[in-house]
Amino acid sequence: MAFQLLSEPIRKYIRDKGWEQLRPIQTAAITRILASDENYILASRTASGKTEAAFLPILSKIDFKESGVQVLYVSPLIALINDQFYRIEELCQNLDISVTKWHGEANKTLKDKLFKQPNGVVLITPESLEAMFVNKPYFVKQLFSNLKYVVIDEIHSFIGTDRGVQLKSIIARLKKINNHSFSVIGLSATIGDYDEAKGFTGDSSKTKVLLDRTAKEIKVLFRYFKGEGDELPLDLLKDLYIETKDNKVLIFPNSRGRAEEVAVKLKKISDRVKGHPYYFSHHSSVDREVREYVEHFAKNNFRLNFCIACTSTLELGIDIGSVDEVVQIDATHSIASLIQRVGRSGRKEGERSNLYLYATNKWSLLQSIACWLLYKEGFIEPPQKKEKPYDILVHQALSITKGHSGIKLTELIHQLKTNASFSNIELNEIEEILNYLIEIDLFERLQNEVIIGVTGERVVNSRDFYSVFKVEEAYKVVNSGQKIGEIPFSPQIIEDENILLSAKIWKIVFVDHQSKKIEVIPTKDGKKPLFSGSGALIHQKIREKMFEILYDRIDYDFLDQPSCDEILVLRKDFSIFNIKDLTIERPLLVSEKYLTFFSFTGTSINRTIRLLLKIVGINHRYDEESSTFELEESKELFTKQWKALAALLDNIDLHITTHFRENPSLLSFSKWGIYLPEDYQVKLIKNTFFDIEGTRNYLTNTNLILN
DNA sequence: GACCTGCTGCGGTTTG
């Protein structure tokens, strides 16, 4: 039995906790982790005890008397570190093992203490690790050269992202300074591609996946309220109010602006009918202290009901206590996101998860149903693959060089070439990129060595250096000295305009462009704030499922009457196309003025098709939500051009180069790509912004079916 | 009309 294998202090912890039995993932992890030093990916649903699954055996196994930090826990979020800190500290209480939080907002005195006596468990963010490598390379060695385990929480949030490439590179750098090898344990509830997850540890062949597929029962309810214009339909808000007023609720309305709209409007209704006043908003623009208050309120009160309208800030990991209901307004952009969000409710043993899916237009309804069906089928979208992350290589080259205060060029090349994150980048490519960095003065060459150049110093000494993602410049929003939040500058930010923030309505009284400050006072009415973000990518599988639903005859028992009616109308609209094979046919609607092409495929392929249409000079309007193209073209000409589009892909490098020269902002998705030679920038755009092979496949196989 | 994530070190001042 797994329990018997654990050390006595850990068994005592379990007895004290009163656990009757271990969860399946815990039993599996305990036997495996205690028996071998392999890497593991622990995959099981939200709130299934994955943290304990990793730490119970690790804490049993390791001799913490050795000097140096023994276990490094890496988290994508500060809030998650703060949350996990208490759990892990409690686990360690019988063991005399120190647990240290290490992130930008953690207590500096406690960090300094760790330098004097490096031991125990450290909880850290990738950026803090990066900063330590850059500024205190000596301490990295002192702290982390005797590691036994690296635990990566919510590993899916790293896989297939730039931040993941960075973390994987940092782990490779940690391996270099370790005397003995350490094992990597990844935790997640939503892994879409197990091979990718295994590769993340840096050694697929020594990584095993422990998987518990048991799902929690979810009670799902679809609601349809067709919206007109910019604001949410009043009927939806009324219905939402009634469904949520007597519960503890999280609402995910997909954008920061909408989150504010929902919080303010529900609160207004509640005020009118003398309901509870605990309506909050929670997203990246709300001040951190306000957010922490909201989290604390939700976590530590058992009696009062509340309602938090939030974005993905409350999607991951953080256990915010007992949530009875999760509401999604309009479809999620991924299945993974849907699973994580619904996982915020019913976290206690035996509790069910309740999910309300509201839709305000037909496409969103269709997407919502598609996501739900794919979830039921067990599908999670695989991560994006970035074979050659040239931009992150630039960042890591700068970081390594700065950390070494200059390094032999051959040694730098060797370190990059042997780093698991860059194994697909060729030696000559690395050399070319580094030479270019010398050319633009990010590096300076001194005989055999490179050091950071004069221009490079400005870059690496910036506070913004440690992260690989870009953020928009924000203005502080302040009410009589009290900070409410930070919002990006937009045309809406002018004096006398009203905005919503932190679930309250404000009038802007003064905008100080010098110190980037917006002074506000409370007021009665206002518009939701505008944010200029780029939406998330939709996977082609979701669009294919939406298409399938249109040609299905199935009546879904989870839909309410208005949803059923709307789906019926959609099916009728699309019945004019004689679609026989859903995999290779797509509708082209011919009307008097223009053509409408319903592509029913993912965002990246649609993007690539848009580029191709631009190259051949076909004017079009594109709508992401419905995945449609409106074309000003005759059907004869377009069907002919359609067949020729795929051929353009043979020369795509040239096309992208031309397009990029005309639109340099195309690279704005990459913070570090701007330091690459132009031909590498083009390669980067080609391989990450567009999907060339996917589009080739799509174009060569897809036939247009006219009405 | 469109999500999210994190952050050094120094010198100065304030507070217990």
Side-chain angles (χ1 to χ4, degrees), chain A residues 74-82 101-106 108 111-112 124-137 139 153-154 156-158 161-164 166-167 170 227 229-232 252-259 261 281-286 288 291 309-318 328-334 336-338 340-341 360-361 363-364 367 395 399 402-403 457 459-472 474 486 488 490 492 527-538 603 607 621-626 669 671:
Chain A
V74 185
S75 152
L77 300 173
I78 288 180
L80 187 55
I81 289 182
N82 296 340
K101 277 193 272 191
W102 194 290
H103 54 65
E105 292 166 15
K108 203 173 166 299
K111 289 189 199 171
D112 289 341
I124 201 164
T125 59
E127 286 74 15
S128 279
L129 265 174
E130 185 78 67
M132 218 191 281
F133 265 109
V134 171
N135 300 312
K136 299 191 176 85
F139 286 127
D153 207 352
E154 304 291 357
H156 68 277
S157 72
F158 293 114
T161 69
D162 287 346
R163 210 174 172 205
Q166 176 190 25
L167 176 57
I170 291 172
D230 211 23
E231 306 203 353
L232 285 169
F252 292 93
N254 285 351
S255 75
R256 289 174 279 178
R258 266 271 150 92
E261 187 189 354
S281 70
H282 190 289
H283 52 79
S284 63
S285 293
V286 174
R288 190 179 291 281
R291 272 151 70 186
C310 56
T311 60
S312 31
T313 45
L314 286 183
E315 178 176 307
L316 276 187
I318 308 158
Q328 174 69 42
I329 300 180
D330 287 328
T332 54
H333 53 73
S334 70
S337 194
L338 177 69
Q340 290 289 345
R341 288 175 184 185
T360 63
N361 71 67
W363 294 108
S364 167
Q367 186 174 324
H395 179 250
S399 169
K402 168 79 179 174
E457 281 293 342
V459 175
V460 297
N461 289 332
S462 147
R463 193 170 172 256
D464 196 35
F465 176 69
Y466 312 102
S467 68
V468 292
F469 50 83
K470 230 164 130 160
V471 285
E472 49 199 346
E486 272 189 26
S490 75
Q492 193 192 19
K527 290 196 198 86
K528 65 177 182 187
L530 299 174
F531 296 101
S532 63
S534 54
L537 303 181
I538 307 286
T603 310
R607 261 184 199 160
R621 280 180 299 276
Y622 169 68
D623 179 57
E624 166 70 10
E625 193 170 36
S626 56
F669 67 88
K671 180 167 163 183

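Chain naming here is simple, since letters A, B, ... match the order of the sequence lines and numbering starts at 1 in each.
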Requested in this report: Report the distance from atom CZ of A/Phe252 to atom CZ of A/Arg341, rounding to the nearest 0.5 Å.
Outcome: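 So the CZ of A/Phe252 and the CZ of A/Arg341 are separated by 5.5 Å.
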
Query raised in the report: With respect to the phosphate group of B/dT5, does any side-chain polar atom (N or O) of A/Ser284 fall under 4.0 Å of OP1 or OP2?
Result: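 Yes.
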
Query raised in the report: Given B/dC4, is OP1 or OP2 found less than 4.0 Å from the side-chain N or O atoms of A/Arg256?
Result: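 Yes.
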
Query - Closest nucleotide among B/dG6, B/dG1, B/dT5 to the A/Arg291 side chain - result: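 The answer is B/dT5, which lies nearest to the side chain.
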
Query raised in the report: What nucleotide among B/dT5, B/dC3, B/dG1 has an atom nearest to a side-chain atom of A/Ala536?
Result: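 It is B/dC3.
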
Once you round it to whole Å, what is the distance between [atom2] of [N] and [atom1] of [X]?
{"X": "A/Arg163", "N": "B/dC3", "atom1": "CZ", "atom2": "P", "result": "18 Å"}
{"X": "A/Glu624", "N": "B/dC3", "atom1": "CD", "atom2": "P", "result": "13 Å"}
{"X": "A/Phe669", "N": "B/dA2", "atom1": "CZ", "atom2": "C1'", "result": "18 Å"}
{"X": "A/Leu537", "N": "B/dC3", "atom1": "CG", "atom2": "P", "result": "13 Å"}
{"X": "A/Lys671", "N": "B/dT5", "atom1": "NZ", "atom2": "C1'", "result": "11 Å"}
{"X": "A/Arg341", "N": "B/dC3", "atom1": "CZ", "atom2": "P", "result": "11 Å"}
{"X": "A/Arg258", "N": "B/dG1", "atom1": "CZ", "atom2": "C1'", "result": "9 Å"}
{"X": "A/Glu315", "N": "B/dC3", "atom1": "CD", "atom2": "C1'", "result": "8 Å"}

Query raised in the report: Are A/Ser364 and A/Glu625 close enough that a side-chain donor and a side-chain acceptor fall under 3.5 Å?
Result: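 Per modelled atom types, A/Ser364 and A/Glu625 side chains form no pair under 3.5 Å.
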
Query raised in the report: Can you find a side-chain donor-acceptor pair between A/His103 and A/Thr125 that sits under 3.5 Å?
Result: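 Note: A/His103 and A/Thr125 side chains miss the donor-acceptor criterion.
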
**Report entry** Per-pair stack call A/Phe469 and B/dT5, 5.5 Å, 30°
**Finding:**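 Stacked: centres under 5.5 Å apart, planes under 30°.
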
Query raised in the report: Hey, which of these two, A/Arg288 or A/Asn254, hits DNA chain B nearer its 5' end, going by closest nucleotide?
Result: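 Checking each residue's closest nucleotide, the 5'-ward one belongs to A/Asn254.
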
Report task. Select base, sugar-phosphate, or nothing to describe what A/Arg621 touches, counting heavy atoms under 4.0 Å on all strands. Result ->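 No contact at all - A/Arg621 keeps every heavy atom at 4.0 Å or more from the nucleic acid.
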
Report task. With heavy atoms under 4.0 Å as the rule, sort A/Thr311 into base, sugar-phosphate or nothing. Result ->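 It contacts sugar-phosphate atoms only.
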
Requested in this report: Before accepting this row, confirm whether a basic side-chain N of the pair A/Asp464/A/Lys671 lies closer than 4.0 Å to the acidic partner's carboxylate O.
Outcome: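 Counted as a salt bridge, because a side-chain N and a carboxylate O are separated by less than 4.0 Å.
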
Query raised in the report: Taking A/Gln166 for the side chain and A/Tyr466 for the main chain, is one N or O donor matched with an acceptor at less than 3.5 Å?
Result: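 Judged by distance alone, yes, a pair lies under 3.5 Å.
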
Requested in this report: Could you check A/Asp162 against A/His395 for side chain to side chain contact (heavy atoms under 4.5 Å, CB included), going step by step and ending with a plain yes or no?
Outcome: CA-CA 11 Å; A/Asp162 287 346; A/His395 179 250; over 6 Å; no

Any protein N or O atoms within reach of nucleotides 7-14 of chain B? Criterion: under 3.5 Å, listing atom names and distances.
unit_1 : atom_1 : unit_2   : atom_2 : d
B/dC7  : OP1    : A/Gly104 : N      : 3.1
B/dC7  : OP1    : A/Thr125 : OG1    : 2.7
B/dC7  : OP1    : A/Ser128 : OG     : 2.3
B/dC7  : OP2    : A/Gly104 : N      : 3.0
B/dC7  : O2     : A/Arg463 : O      : 2.2
B/dC7  : N3     : A/Arg463 : NH1    : 3.4
B/dT8  : O4'    : A/Tyr466 : OH     : 3.1
B/dT8  : O3'    : A/Asn135 : ND2    : 3.2
B/dT8  : O4     : A/Arg463 : NE     : 3.3
B/dG9  : OP1    : A/Lys136 : NZ     : 2.8
B/dG9  : OP2    : A/Lys136 : NZ     : 3.0

Query raised in the report: Of all residues at least two apart in sequence or in a different chain, which pass the salt bridge (charged side-chain N to carboxylate O under 4.0 Å, His left out) check with A/Arg607?
Result: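 Result, salt bridge (charged side-chain N to carboxylate O under 4.0 Å, His left out) vs A/Arg607: none returned.
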
